[in-house]
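Down below is the structure, laid out as structure tokens.
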Protein chains: 2
Amino acid sequence: MEWDDCTVKASTDSASARPTIYDVAHRAGVSKSLVSLVLRGSPNVSDPRREAVQAAIDELGYRPSRAASALAANRTQSIGLLIDDFHNPWFVEVLRGLRSVLDPAGWNISVADLQLEALSGRNPLDGFLAMHVDGLIIAAEPHAAPPLRNLDVPFVVAGVRELDSGPADVVASDEVQGAGLAVEHLVQLGHRRIAHLSGTGGSAKARLDGYLRSVRAAGLEPLVVGESGDTTEEAGYTAARELFSGHDGVTAVFAANDTMALGALAALKEHGLRTPEDVSVVGYDNTPLAESRYLDLTSIDSHNASIGSEAARALLGRIAEPSAPRRQLLLAPSLMARGSTAAPPS
Amino acid sequence: MEWDDCTVKASTDSASARPTIYDVAHRAGVSKSLVSLVLRGSPNVSDPRREAVQAAIDELGYRPSRAASALAANRTQSIGLLIDDFHNPWFVEVLRGLRSVLDPAGWNISVADLQLEALSGRNPLDGFLAMHVDGLIIAAEPHAAPPLRNLDVPFVVAGVRELDSGPADVVASDEVQGAGLAVEHLVQLGHRRIAHLSGTGGSAKARLDGYLRSVRAAGLEPLVVGESGDTTEEAGYTAARELFSGHDGVTAVFAANDTMALGALAALKEHGLRTPEDVSVVGYDNTPLAESRYLDLTSIDSHNASIGSEAARALLGRIAEPSAPRRQLLLAPSLMARGSTAAPPS
DNA sequence: CTGAAAGCGCTAACAG
DNA sequence: CTGTTAGCGCTTTCAG
């Protein structure tokens, strides 16, 4: 992609002072108020005037000052996105979804992650509150996030279901259903001994629920390991190793996420078991990891971009109507079948 | 980690209006200017006064308005970080490094990625310029970034060497040296036929240079594939497949990055070759991928956190002294030896 | 539809 | 060391 200079409008020949709304008005031969109206796309401006103003804006390379408009309007037209960890790339799609609805409306998004924020020792929302965001998207496990109870800025929780805290707008994936998809896929392939690698946290819990429900619905015996551990690769490795040391006859493993599935793959390799010939493996989240040709991991996709766009719409709605009733939206996930699953050995 | 309410200071019982510097001054029995001085940590304030002001700030839950101070001071105390792609996690360590020096000084950092920014069709720096950042860290390949030539805001290029464009402050890793470490590691293990998976882009080029230099220094014959392709997993796969279909006798592969190395692993697996017994593989970047127990990939670490902190210092320096001579800083990388490398088959 | 006037909350000279 | 005085660039009534 090529970026030409027209939009950057670097240091002009004249003095370095950035043009103000005043300069634009002067050049267009109108008053500052009119420029302000054009900027905000008011319909009450005649076409010739509008064009004159736009021309002046372009010629001057005018760029409205966010600071000034925030101060005057008492709103920043910006929202904050709080995520768990920049290393966990699920937020990228969420952000893309957010932007697809927020960008056209002229909103600014800033992102903070709990891991990095924790270094500073401040409340992770401090930065957002200092910059006076008009709204917040919380895309982190509520238990890890700061208390949201009596926050006076509109917010919506995205991606994770707020299990414990007070009522909030929530846009999330139906993870119980997603886990069901994984189990049903394995059942249809002919597996009868399907183990689940679980862990702590709201998502893991929902996925466990879905696993239990579907396994029982299929008339099978559940087998869960690692329920009280992390959801890291290491935890997946440990849990899977335990699985294949003790319980025999397991032909399929459903991991609470792709990272744990990676750990399971390591354990299988160590035990001399092949994937998918000996043991099928299913992950969750459909990360780039799963898509990788080397891993080629069957996984569940939560459609994070949709979660983002719906969350944006929900937030805009709440900002416009702070007292509207809370809404919770659950989106249906889908299965991405890949090479890590196959029929069990006969 | 527990966040208590003290810093959030949600809607107080009184009216919802946020306290201003004026309220603080009134409560502390001083003038607004004094409060402003305390805020900025001026030494010219008597201790009792300072404490009174601080107490008022705490009691009121006062939080200075960034918009107002930006407007009045004509600087935002914020810098922008431009990265290639949120999916490429190398920026996380850079950001950590940046924050380690910028946070204590009260700076705000906002991050934008070229991929997402491209969706909007705007110049990726537009958002930063609109919010009037005081400085910019460019952590993206210069050819992909918008033109920096006559940008009137101080910036430093981090992580990649600006090969083509004008003079700029640069803080980067010595990738030529890093590639040398990889090759020397393989040579010491006894490898004689060491192939390199390359690709386009400044980093890939530097790594290729380092490879060529070291291979020749060891008296070996260079063997490079994929030089004009991507640096993706798919490209690594294709290049490695070509390698093991045609050229025989290759016992070690040095990929331009970990992702390409992953592609190489897929190709090796397909050819029935084991890692490291038959073929050793070295990546670059020391991503979480490489650390993974399943992949356990020997890789080169660029010490990105140091790049971040040095870049921050460089930027602060340039902001303070815009006409200082340009400086380029190259940091030494190191080798992370793991299980994907071993002596060649005898 | 358009122009004038009054700040938003803070900083940065100054003069006390 | 402290208080006063002007704005920063924009939005928003409110009259023309």
Side-chain angles (χ1 to χ4, degrees), chain A residues 15-54 56-57 60-78 106-108 129-134, chain B residues 15-54 56-57 60-78 106-108 129-134:
Chain A
S16 61
R18 262 176 41 156
T20 75
I21 199 173
Y22 196 94
D23 302 318
V24 174
H26 185 240
R27 176 154 194 143
V30 300
S31 77
K32 305 151 231 167
S33 330
L34 207 246
V35 177
S36 183
L37 288 178
V38 170
L39 250 35
R40 211 139 24 82
S42 161
N44 301 339
V45 179
S46 65
D47 276 357
R49 299 272 194 182
R50 179 188 306 283
E51 282 157 22
V53 169
Q54 192 56 54
I57 287 175
L60 261 33
Y62 168 76
R63 201 187 298 281
S65 154
R66 285 205 165 256
S69 79
L71 190 56
N74 197 34
R75 88 186 117 59
T76 53
Q77 283 278 85
S78 69
W107 290 77
N108 237 23
L129 297 180
M131 70 190 290
H132 229 36
V133 294
D134 297 334
Chain B
S16 61
R18 263 178 39 156
T20 74
I21 198 174
Y22 197 94
D23 301 319
V24 175
H26 185 240
R27 176 152 194 143
V30 301
S31 76
K32 306 151 232 165
S33 331
L34 209 245
V35 176
S36 183
L37 288 179
V38 170
L39 249 35
R40 211 135 28 79
S42 161
N44 302 339
V45 179
S46 67
D47 276 358
R49 298 274 195 181
R50 179 189 306 283
E51 281 157 23
V53 168
Q54 191 56 54
I57 287 176
L60 261 32
Y62 168 75
R63 202 187 296 281
S65 154
R66 284 202 166 257
S69 81
L71 191 56
N74 197 34
R75 87 188 117 60
T76 53
Q77 282 278 84
S78 69
W107 290 77
N108 236 23
L129 297 180
M131 71 191 290
H132 229 35
V133 294
D134 296 334

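What you see is a predicted model, and the numbers here were worked out from it, not measured in a lab. Labels below follow one simple rule: chain letters A, B, ... track the order of the sequence lines, proteins then strands, and each chain is numbered from 1.
Map B:L71 and A:V35 each onto its nearest nucleotide of DNA chain D; the residue landing nearer the 5' end is B:L71.
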Review item, nucleotides 12-16 of chain C N/O atoms under 3.5 Å of protein N/O:
{"residue": "C:dA12", "atom": "OP1", "partner": "B:R75", "partner atom": "NH2", "Å": "3.0"}
{"residue": "C:dA12", "atom": "OP2", "partner": "B:R40", "partner atom": "NH1", "Å": "3.4"}
{"residue": "C:dA12", "atom": "OP2", "partner": "B:R40", "partner atom": "NH2", "Å": "3.2"}

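Of all heavy-atom pairs spanning B:I21 and B:Y62, the tightest one is N-CE1, 3.5 Å. Between B:V53 and B:V24, the shortest heavy-atom distance links the atoms O-CG1, 4.1 Å.
Remark: B:Q77 pairs with no residue by the side-chain hydrogen bond (donor to acceptor under 3.5 Å, both in side chains) rule, at least two apart or across chains. Residues meeting the side-chain contact (heavy atoms from CB on, under 4.5 Å) test with B:T20, sequence neighbours left out: B:Y22, B:D23. Under the rule for a side-chain hydrogen bond (donor to acceptor under 3.5 Å, both in side chains), A:E51 has no partner lying at least two apart in sequence or in another chain. Among residues two or more places apart in sequence or in another chain, the salt bridge (charged side-chain N to carboxylate O under 4.0 Å, His left out) test is passed with B:R27 by B:E59.
With C:dC10, C:dT2, D:dT11 as the choices, the nucleotide that has an atom nearest any side-chain atom of A:L34 turns out to be C:dT2. Comparing C:dG3, D:dC8, D:dT2 by their nearest atom to the side chain of A:V30 picks out C:dG3.
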Side-chain donor-acceptor distances from residues 65-75 of chain B under 3.5 Å, at least two apart:
{"residue": "B:S65", "atom": "OG", "partner": "B:A67", "partner atom": "N", "Å": "3.4"}
{"residue": "B:S65", "atom": "OG", "partner": "B:A68", "partner atom": "N", "Å": "3.1"}
{"residue": "B:R66", "atom": "NH1", "partner": "B:T76", "partner atom": "O", "Å": "3.4"}
{"residue": "B:S69", "atom": "OG", "partner": "B:R66", "partner atom": "O", "Å": "3.4"}

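Whole-Å rounding puts the A:Y22 OH to D:dG7 C1' distance at 14 Å. As rounded to whole Å, 17 Å separates atom C1' of D:dC8 from atom CZ of B:R66. One interatomic measurement links the two molecules: CD of A:Q77 to P of D:dG9, which rounds to 21 Å at whole-angstrom precision. Taking atom CE on B:M131 and atom P on D:dC8, their separation rounds to 22 Å, with Å as the unit. Note: NE2 (B:H132) to C1' (D:dG9) measures 10 Å, nearest angstrom. In this entry the distance linking CG of A:N74 with P of D:dC10 reads 17 Å, nearest Å. For the pair A:L37 CG and D:dT12 C1', the interatomic distance rounds to 10 Å; values are reported in whole Å. Rounded to whole angstrom, the span from the CD1 atom of A:I21 across to the C1' atom of C:dC8 amounts to 15 Å.
Residue A:R49 places none of its side-chain N or O atoms closer than 4.0 Å to OP1 or OP2 of C:dC1. Phosphate proximity of C:dC10 to B:Y62: present, with a side-chain N or O under 4.0 Å from OP1 or OP2.
Summary of helix geometry: the two end axes of the helix from C:dC1-D:dG16 to C:dG16-D:dC1, each defined by five base pairs via their C1' atoms, are inclined to each other by 30° (rounded to 10°).
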- prompt: After noting the C-alpha distance and the side-chain angles of A:I57 and A:L39, does the key distance pass the side-chain contact (heavy atoms from CB on, under 4.5 Å) rule?
  reply: CA-CA 10 Å; A:I57 287 175; A:L39 250 35; 3.5 Å; yes
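Distance CE/A:M131 to CG/A:N108: 7.0 Å, rounded to 0.5 Å.
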